[in-house]
Amino acid sequence: MEYLFPILIALLFIPILLSGRKQRRQMQDMQKMQAALEAGDVVVTTSGLRGTIVDASYEDTLDIEIADGVVTTWVRGAVREKVNPAVTEDASEEESTEATPEEPAAKSLEEPAAAPSLEKSTLEKDESTNGTARS
């Protein structure tokens, strides 16, 4: 019975210590990734902005191009992740190859469909309380 209290304390502090180690490891990995960034890398910031690094020569900041000709300066710590552009290009290529060349939408572009006629003769009065017309 006298050993019950120290065992309970140990059981409570073991998960706390293990989660602290995990967080430190994740923080070190994040800092290594942020230090290894270079021009041409596609990144996502902590605010969700995606862009391409234009200049990474400064120690604390990065110049990120977020649109054609729009370059902004960010602190390295604001970069959340590095995006692998090869993976996103492969995914878009797979999506484009899945589409069939003769889809109904493509045919409708060649021959415009006639708009449905809304003449009074083709519409019947609905018997509902709101009196909307239906075809």
Side-chain angles (χ1 to χ4, degrees):
M1 193 68 172
E2 62 190 51
Y3 297 113
L4 184 60
F5 185 69
I7 291 173
L8 286 175
I9 298 225
L11 288 176
L12 291 174
F13 281 108
I14 288 174
I16 293 171
L17 294 174
L18 291 177
S19 68
R21 288 182 57 201
K22 182 179 177 183
Q23 285 178 340
R24 262 187 266 118
R25 190 173 339 125
Q26 288 175 344
M27 190 183 318
Q28 287 174 350
D29 291 343
M30 181 74 73
Q31 289 172 346
K32 286 179 186 176
M33 182 270 303
Q34 290 169 348
L37 292 173
E38 55 190 30
D41 290 342
V42 178
V43 295
V44 177
T45 65
T46 55
S47 60
L49 187 71
R50 182 180 177 147
T52 306
I53 297 177
V54 177
D55 184 16
S57 61
Y58 301 106
E59 185 177 326
D60 295 333
T61 61
L62 299 167
D63 289 340
I64 299 177
E65 183 176 28
I66 56 175
D68 291 336
V70 179
V71 178
T72 57
T73 302
W74 291 77
V75 176
R76 281 186 186 264
V79 175
R80 180 178 62 201
E81 64 183 295
K82 182 176 171 182
V83 179
N84 188 358
V87 172
T88 56
E89 289 174 4
D90 291 342
S92 63
E93 288 177 8
E94 290 174 4
E95 290 174 2
S96 64
T97 57
E98 290 175 3
T100 58
E102 301 223 6
E103 293 182 10
K107 289 181 182 177
S108 66
L109 293 176
E110 295 170 5
E111 300 174 14
S117 175
L118 296 177
E119 298 174 8
K120 280 190 169 183
S121 61
T122 61
L123 299 177
E124 300 173 3
K125 182 159 175 131
D126 189 7
E127 300 301 324
S128 67
T129 57
N130 65 1
T132 58
R134 64 180 174 166
S135 56

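Just the heavy atoms: all of them, side chains too, but no hydrogens, waters or symmetry mates, feed the values below.
The side-chain contact (heavy atoms from CB on, under 4.5 Å) with D41 is formed by just one residue from the set V79, L62, I53; it is I53.
Here S47 pairs with T45 under the side-chain hydrogen bond (donor to acceptor under 3.5 Å, both in side chains) rule; sequence neighbours left out.
Between W74 and L49 there is a side-chain heavy-atom pair separated by less than 4.5 Å. Side-chain contact between Q34 and M30: present, with at least one pair of heavy atoms (C-beta onward) separated by less than 4.5 Å.
For residues 54-67, the side-chain hydrogen bond (donor to acceptor under 3.5 Å, both in side chains) pairs, not counting sequence neighbours, are D55-S57, D63-T73.
In terms of heavy-atom proximity, A56 sits nearest to E38 at CB-CA, 3.9 Å. Considering all non-hydrogen atoms of both residues, T46 and G77 come closest at CG2-O, 4.3 Å.
If you take CD on E81 and CZ on R50, they are separated by 8.5 Å, rounding to the nearest 0.5 Å. Taking CD1 from I9 and CG from L4, the interatomic distance works out to 10.5 Å, rounded to the nearest 0.5 Å. Atoms CD and CD, on Q23 and Q26 in that order, are 7.0 Å from each other to the nearest 0.5 Å. Separation of atoms CZ (R80) and CE (M33) is listed at 10.0 Å; rounding is to 0.5 Å.
L18 and F13 are not part of a single hydrophobic cluster, where members link through side-chain heavy atoms under 4.5 Å apart. Linking Ile, Leu, Val, Met, Phe, Trp and Tyr whenever their side-chain heavy atoms come within less than 4.5 Å puts V70 and V43 in one cluster. Taken together through direct or relayed side-chain contacts under 4.5 Å among Ile, Leu, Val, Met, Phe, Trp and Tyr, V42 and V54 form parts of separate hydrophobic clusters.
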